[in-house]
Peer 1: 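Quick one: the structure is below, and I'll ask about it shortly.
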Amino acid sequence: MSLKAIVYVRNPPSLEILNQLLLPHETVYESVTTVQQGYEQIKQMKVRGAPAIGIVAALSLIIDLQLKFQTFSKNPNALDSDILNMMNSPLLLGNFIRDSLDHLNQSRPTAVNLFRTSDILWEATSSGIKKDLGTKQIIESLVDMAEQMLFDDLKDNNNIGKYGVEFILRNGDKRISVITHCNTGSLATSGYGTALGIIRHLYAQGNLLHAYYTETRPYNQGSRLTSYELLHDKIPSTLICDSMVSALLASNKMDHKIAAIIVGADRVAKNGDTANKIGTYQLAIIAKYHNVMFIVAAPSTSIDLKIKNGRDITIEERNENEVVFVNGLIKQDGTEKYQIKKVRVPPQGVKVWNPSFDVTPAELITAIVTEKGVVEKEKGAKEFNLEKFLMSQN
Ligand code: MRU
């Protein structure tokens with residue numbers, strides 16, 4: 001079992017991505033050496049989760065640049081003339097970086113982390129060109145930035161865990177149970193996780209009674225990936241279907257008493273409306289009805305102040321095959337061996353709608369936990385003021 005979705009080494013440059021389509025049954029790392037390969041990894045959801053998507057986009061660009069520059073330094077004759085010219089010209093290098101970022105930005109539309117990463121890398125490139133830096137210096141500055149993103153994300157997740165636990169236990173509870181949705185752990189980030197980071201922190205402090213997690217249809221990030229992480233860390237946990245959350249909250253057994261539903265985010269608008277994995281919105285409605293805290297855990301890199309409210313968030317719609325087929329292990333006849341098989345559930349010819357995310361209105365969210373602290377709504381307000389919060393933290 002490995003919990004590292006992204007394995008990056010600076011020298012010699014290498015990037016390996018854990019293929020999450022094969023988890024939990026097989027642990028296979030795939031090498032990424034070009035922007036196109038990074039794009040494919042994200043598009044096909046071999047790597048997924050908002051922070052991980054942004055980081056892999058940045059790392060695939062810098063790996064591509066580092067490898068090209070290495071060949072340029074050691075064996076320039078091996079390069080085709082376009083790349084050779086580019087390595088001698090900051091302006092041509094800038095064109096390549098702009099085109100690469102535009103391409104990576106096309107991979108998945110909802111998580112803002114990808115676009116933020118692109119903006120940061122582009123700003124550094126254009127400022128390098130303006131300052132007359134050479135191609136080597138421009139590439140090095142991007143490498144430093146991408147590595148910093150990988151490092152900061154892990155640090156931020158640890159802080160989210162700490163702040164989240166302080167907030168959830170602020171009324172003096174000692175041991176609580178929680179529900180989470182999708183996968184927001186090590187596999188979705190550079191490590192530890194956001195919502196799952198809070199659950200890890202609760203467990204590490206001895207405050208977790210039990211973690212329930214939804215299977216998260218259609219792509220099953222819960223039953224395939226969150227289960228994998230929780231089992232790895234031996235955290236007491238139970239898998240439930242997405243349709244069982246209300247029943248769990250109504251069951252009222254002592255060991256089922258749920259204090260909070262904790263989820264991640266792909267994009268949080270300025271007012272706190274939050275796009276996250278499909279099914280999040282209905283969990284927030286259920287939480288409200290049952291008077292249970294509904295917590296969004298997200299690094300500030302997932303907050304998009306350019307977007308006033310959730311209506312402006314683009315929701316990705318994915319292929320119907322994710323809904324009609326399920327992947328699983330089937331035992332081979334007469335052996336102890338298992339094989340991964342894709343099985344069709346509904347009949348041929350059904351119509352399918354497959355939105356990958358939904359938007360939870362700020363009104364239904366109790367608090368947004370970031371690495372900078374916890375944001376709550378002002379008394380009587382239905383929306384958060386995330387601009388004010390972020391400005392007060394700078
Ligand atoms: O489609 P996915 O698997 O990329 O969606 C992931 C989620 O919705 C997560 O909750 C979100 O990205 C936060 S991950 C820390």
Side-chain angles (χ1 to χ4, degrees), residues 1-3 5 18 20-27 45 48-49 168 175-189 192-204 207-264 276-287 290 292-295 297 322-331 338 340-343 345 356-358:
M1 261 192 171
S2 171
L3 287 190
L18 179 58
Q20 297 185 31
L21 295 176
L22 300 178
L23 289 179
H25 309 308
E26 285 178 18
T27 305
M45 289 176 72
R48 26 67 51 202
I168 293 168
R175 271 166 69 76
I176 59 163
S177 293
V178 297
I179 299 174
T180 191
H181 184 57
C182 195
N183 173 265
T184 58
S186 289
L187 297 170
T189 61
Y192 202 63
T194 57
L196 206 53
I198 296 179
I199 294 175
R200 285 199 156 95
H201 204 76
L202 278 169
Y203 178 64
N207 298 120
L208 183 74
L209 206 52
H210 210 81
Y212 292 87
Y213 57 99
T214 56
E215 54 180 353
T216 319
R217 284 281 294 139
Y219 187 77
N220 286 319
Q221 286 93 330
S223 54
R224 294 186 308 108
L225 308 175
T226 300
S227 56
Y228 184 84
E229 294 207 29
L230 291 170
L231 286 178
H232 179 276
D233 286 10
K234 301 189 170 55
I235 295 178
S237 55
T238 298
L239 169 68
I240 55 172
C241 298
D242 301 3
S243 50
M244 295 173 185
V245 176
S246 317
L248 176 62
L249 288 175
S251 69
N252 227 0
K253 292 187 190 147
M254 263 328 273
D255 65 333
H256 285 196
K257 187 96 181 84
I258 305 290
I261 299 181
I262 316 172
V263 299
N276 190 51
K277 181 48 53 195
I278 190 74
T280 302
Y281 179 21
Q282 66 195 23
L283 294 183
I285 295 170
I286 294 170
H290 285 275
V292 159
M293 280 183 267
F294 189 81
I295 307 289
E322 287 178 1
V323 177
V324 297
F325 289 100
V326 287
N327 282 334
L329 274 190
I330 293 188
K331 202 169 182 187
Y338 288 86
I340 301 177
K341 277 270 192 303
K342 208 180 235 312
V343 181
V345 180
S356 200
F357 302 95
D358 58 26

Peer 1: I'd like to check T226 versus Y213 (side-chain heavy atoms, cut-off strictly below 4.5 Å). Are they in contact?
Peer 2: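 Yes, side chains in contact.
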
Peer 1: Where do A195 and G264 come nearest, in terms of heavy atoms and distance?
Peer 2: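 Closest pair (atom of A195, atom of G264, distance): CB-N, 3.9 Å.
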
Peer 1: Check whether any side-chain heavy atom of T180 lies under 4.5 Å from a side-chain heavy atom of I261, and answer yes or no.
Peer 2: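 They are not in contact (no side-chain heavy atoms under 4.5 Å apart), so the answer is no.
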
Peer 1: Below 4.5 Å, heavy atoms only, C-beta onward: do L209 and S177 meet side chain to side chain?
Peer 2: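 Sidechains of S177 and L209: in contact.
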
Peer 1: Set out, in order, the CA-CA distance, both residues' side-chain angles and the distance that settles side chain to side chain contact (heavy atoms under 4.5 Å, CB included) for N183 and L196, then state yes or no.
Peer 2: CA-CA 8 Å; N183 173 265; L196 206 53; 4.2 Å; yes

Peer 1: Distance check, rounded to the nearest 0.5 Å: H181 atom NE2 versus L283 atom CG?
Peer 2: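 That separation rounds to 5.5 Å.
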
Peer 1: So, H201 versus Y203, ring centres under 6.0 angstrom or not?
Peer 2: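 Ring centroids of H201 and Y203 are no less than 6.0 Å from each other.
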
Peer 1: Indicate the atoms forming the closest heavy-atom contact of T216 with G222, along with that distance.
Peer 2: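 Shortest heavy-atom separation between T216 and G222 comes out as OG1-N, 3.5 Å.
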
Peer 1: Would you say that L248 contacts I240 through its side chain, given a criterion of any heavy-atom pair below 4.5 Å between the two side chains?
Peer 2: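 Counting from C-beta outward, L248 and I240 do come under 4.5 Å.
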
Peer 1: Taking atom CD1 of I295 and atom CD1 of I198, what is their separation to the nearest 0.5 Å?
Peer 2: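 Answer rounded to 0.5 Å: 7.0 Å.
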
Peer 1: S243 side chain to C241 main-chain N or O, any donor-acceptor pair under 3.5 Å?
Peer 2: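 Pair absent, no side-chain N/O of S243 close to backbone of C241.
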
Peer 1: Kindly give the heavy-atom pair with the smallest separation between A5 and S186, and that separation in Å.
Peer 2: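 Residues A5 and S186, closest heavy atoms: CB-O, 4.1 Å.
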
Peer 1: Looking at side-chain heavy atoms only, is the closest gap between L225 and Q20 below 4.5 Å?
Peer 2: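 Of all side-chain heavy-atom pairs linking Q20 with L225, at least one is under 4.5 Å.
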
Peer 1: Let me confirm one number: the CZ-CG distance from R48 to L21, rounded to the nearest 0.5 Å.
Peer 2: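 So the CZ of R48 and the CG of L21 are separated by 10.5 Å.
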
Peer 1: Contact between I258 and I176 at the side-chain level, heavy atoms closer than 4.5 Å - yes or no?
Peer 2: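 Sidechains of I176 and I258: no contact.
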
Peer 1: Is any side-chain heavy atom of T214 closer than 4.5 Å to one of V245?
Peer 2: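 Contact flag for V245/T214 side chains = yes.
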
Peer 1: State, yes or no, whether a side-chain contact exists between S356 and I278 at a heavy-atom distance under 4.5 Å.
Peer 2: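 Counting from C-beta outward, S356 and I278 never come under 4.5 Å.
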
Peer 1: What pair of heavy atoms forms the shortest contact from P24 to Y228, and how long is it?
Peer 2: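 It is CB-CD1, 3.6 Å.
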
Peer 1: For side chain to side chain contact (heavy atoms under 4.5 Å, CB included), just list the numbers for S223 and L239, CA-CA rounded to whole Å, side-chain angles, deciding distance to a tenth of an Å, and then say yes or no.
Peer 2: CA-CA 7 Å; S223 54; L239 169 68; 3.8 Å; yes

Peer 1: Can you tell me how far apart CG (N220) and SG (C182) are? Round to the nearest 0.5 Å.
Peer 2: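 Going from the CG atom of N220 to the SG atom of C182 covers 10.5 Å.
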
Peer 1: Are the side chain of R224 and the backbone N or O of E215 linked by a donor-acceptor pair below 3.5 Å?
Peer 2: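 Not a single qualifying donor-acceptor pair exists.
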
Peer 1: Where do D242 and Q282 come nearest, in terms of heavy atoms and distance?
Peer 2: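 For D242 versus Q282, the nearest heavy atoms are O-NE2, 4.5 Å.
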
Peer 1: Passes side chain to side chain contact (heavy atoms under 4.5 Å, CB included), V324 versus V345? Steps please.
Peer 2: CA-CA 6 Å; V324 297; V345 180; over 6 Å; no

Peer 1: I'd like to know if E229 pairs up with R200 as an ion pair, taking the criterion as any Lys NZ or Arg NE/NH1/NH2 lying under 4.0 Å from an Asp or Glu carboxylate oxygen.
Peer 2: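 Judged by the 4.0 Å cut-off on N to carboxylate O distance, E229 and R200 do form a salt bridge.
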
Peer 1: Please report the closest heavy-atom contact between A259 and V292, naming both atoms and the distance.
Peer 2: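 Of all heavy-atom pairs spanning A259 and V292, the closest is O-CG1, 3.7 Å.
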
Peer 1: How long is the span from the CD atom in E322 to the CG atom in N327, to the nearest 0.5 Å?
Peer 2: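 Here the interatomic distance stands at 10.0 Å.
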
Peer 1: Measure the spacing between NE2 of H210 and CD1 of I199 and express it to the nearest 0.5 Å.
Peer 2: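 The distance works out to 11.0 Å.
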
Peer 1: Keeping the roles fixed (side chain from D358, backbone from G279), state whether a donor-acceptor pair exists under 3.5 Å.
Peer 2: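 Yes.
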
